[in-house]
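Have a look at the structure below before the remarks.
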Amino acid sequence: MTQLRVDTTSRAALSSLSAIKAAGSGNNKFNGLLTPPDSPLALKARQQKSKVSEVVAVAGEDEHKGGREWIRHPVSWSLFKRYVDAQNIEPLGRSLETHTTYEMVMAARRKEYGSVAKYLTTHVLPDFTASTMETGFDPHSALVVEDFELLVNDFPYYLSDDVEHWVLWCRKRLSPGFAAPAAAVQAIHAKFGVSVEWRYFVNPVAKQSVPQLSHAHVFVKRV
């Protein structure tokens, strides 16, 4: 999701993540010294790690259907293009670190706000979503550039460092697939210019973490 704002619940989640990272595989460094696996610090970190699944479980299984699994290695731009052009996005995902952060923060959002969509409409896209309530707005009308808003994805897929992952929010419903509507193309060109390389897709509904708010994923490689 996008434009992360750290509230009290999220701070706790991210604090737990720091402990997880500190736990490592058993031999850990603390102030430059190796920490024995049976030390209080390592034991506490492993206990925190076990809480990840508990935090996610708070949201309930039905709330946790969206999203992708983590992957071990970054995907290069050339390989990424081959995947998307072949309409095969199953190999894509986040790094383990980003995936863990994502799961914990999303669970925290659901616990505090009831849903991720509620958090987004309250803190990230309040004016954008409020515009759908204005007189004259027709959700079934043809798409125009003003229907879109591009924001950086705070939990990007695991790609090479030269690739940017953005979320293209839309006030009207976008169909899953790989063909960007003309108005979406205009919004992308308005943001990045016409010389960049980019790819677009809308995840299948089963893979969407926030199906209530229509959005596409946009990946940009600046020339």
Side-chain angles (χ1 to χ4, degrees), residues 1-6 10 13-14 17 21 64-109 116-117 119-120 123-125 128 145 147-171 174-181 183-223:
M1 296 305 77
T2 182
Q3 295 298 307
L4 176 65
R5 299 190 182 197
V6 180
S10 296
L14 293 173
L17 177 64
K21 293 163 66 177
H64 187 57
K65 290 181 179 178
R68 296 185 169 278
E69 296 301 319
W70 61 276
I71 60 176
R72 295 180 181 277
H73 305 289
V75 177
S76 68
W77 178 242
S78 59
L79 181 57
F80 174 80
K81 288 191 295 182
R82 290 204 295 272
Y83 285 146
V84 175
D85 293 348
Q87 300 188 8
N88 175 25
I89 54 179
E90 287 306 312
L92 304 178
R94 299 175 174 87
S95 68
L96 176 58
E97 180 178 344
T98 301
H99 178 78
T100 303
T101 307
Y102 171 83
E103 296 285 8
M104 296 181 72
V105 172
M106 292 302 101
R109 294 280 182 263
V116 177
Y119 166 78
L120 290 169
H123 294 294
V124 180
L125 300 164
F128 188 66
V145 174
D147 288 324
F148 295 96
E149 182 165 348
L150 270 160
L151 296 175
V152 173
N153 192 324
D154 286 316
F155 308 103
Y157 290 177
Y158 197 15
L159 306 173
S160 54
D161 291 339
D162 57 346
V163 182
E164 301 173 20
H165 185 175
W166 294 71
V167 180
L168 182 64
W169 299 99
C170 185
R171 299 190 301 172
L174 294 172
S175 299
F178 299 83
V185 175
Q186 293 173 22
I188 293 168
H189 286 170
K191 180 74 173 181
F192 304 108
V194 298
S195 62
V196 299
E197 287 189 88
W198 57 274
R199 290 297 187 271
Y200 161 109
F201 63 77
V202 176
N203 269 322
V205 175
K207 292 290 187 180
Q208 294 179 15
S209 55
V210 194
Q212 304 94 326
L213 300 176
S214 189
H215 63 282
H217 293 267
V218 175
F219 304 83
V220 176
K221 171 74 161 60
R222 299 181 191 267
V223 178

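Atoms OG1 and CE, from T101 and M106 in turn, are 10.0 Å apart once rounded to the nearest 0.5 Å. Taking CG from L120 and CD from Q212, the interatomic distance works out to 9.0 Å, rounded to the nearest 0.5 Å. Within the model, atoms CG of L159 and CG of L79 stand 9.5 Å from one another, a figure rounded to the nearest 0.5 Å.
Ring-plane geometry between F80 and W77 is classed as parallel, the angle between the planes falling under 30 degrees on a 0 to 90 degree scale with a further cut at 60.
With contacts defined as side-chain heavy-atom distances shorter than 4.5 Å, the pair I188/F148 does not qualify. Taking 4.5 Å as the limit, every side-chain heavy atom of N153 sits out of range of all side-chain heavy atoms of W166. With a 4.5 Å cut-off on side-chain heavy atoms, V167 and F155 do not count as touching. At a threshold of 4.5 Å between non-hydrogen side-chain atoms, the residues W198 and H189 count as touching. Side-chain contact between R171 and W169 is absent, with no heavy atoms from C-beta onward closer than 4.5 Å. The closest side-chain heavy-atom distance from D162 to K221 is below 4.5 Å. Two residues are said to be in side-chain contact when any heavy atoms from C-beta on lie closer than 4.5 Å; L125 and L151 meet this criterion. Looking at V205 and P176, their side chains come closer than 4.5 Å, going by heavy atoms from C-beta outward.
Contact detail for H215 and V210: the closest heavy-atom pair is CE1-O, 3.6 Å. The minimum heavy-atom distance linking S214 with L174 is given by the pair OG-N, 2.8 Å. The two residues Q208 and N203 make their nearest non-hydrogen contact at NE2-O, 2.8 Å. In this structure, V202 and A216 approach most closely via the heavy-atom pair CG2-CB, 3.6 Å. Closest non-hydrogen pair, S76 versus S160, comes out as CA-OG, 3.9 Å. The minimum heavy-atom distance between I71 and G93, with the atom names listed, is CD1-O, 3.6 Å.
Remark: side-chain polar atoms of S95 are not paired, donor with acceptor, to backbone N or O of Y158 under 3.5 angstrom. Using a distance-only test at 3.5 Å, with no hydrogens or angles considered, a donor-acceptor pair links the side chain of H165 to the main chain of Y157.
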Fill in: F192 vs L150, side chain to side chain contact (heavy atoms under 4.5 Å, CB included): CA-CA, chis, key distance, verdict
CA-CA 10 Å; F192 304 108; L150 270 160; 3.9 Å; yes
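F128 is linked by a ring-ring contact (aromatic ring centres under 6.0 Å, His included) to nothing, counting only residues two or more places apart in sequence or in another chain.
Residue E164 forms a salt bridge (Lys or Arg N to Asp or Glu O under 4.0 Å) with just one option from R222, R199, K191, and that option is R222.
Annotation: cation-pi pair R94/Y102 present, NZ/CZ under 6.0 Å from the ring centroid and within 45° of its normal.
Residue pairs that meet the salt bridge (charged side-chain N to carboxylate O under 4.0 Å, His left out) test with at least one member in residues 208-219, sequence neighbours left out, do not exist here.
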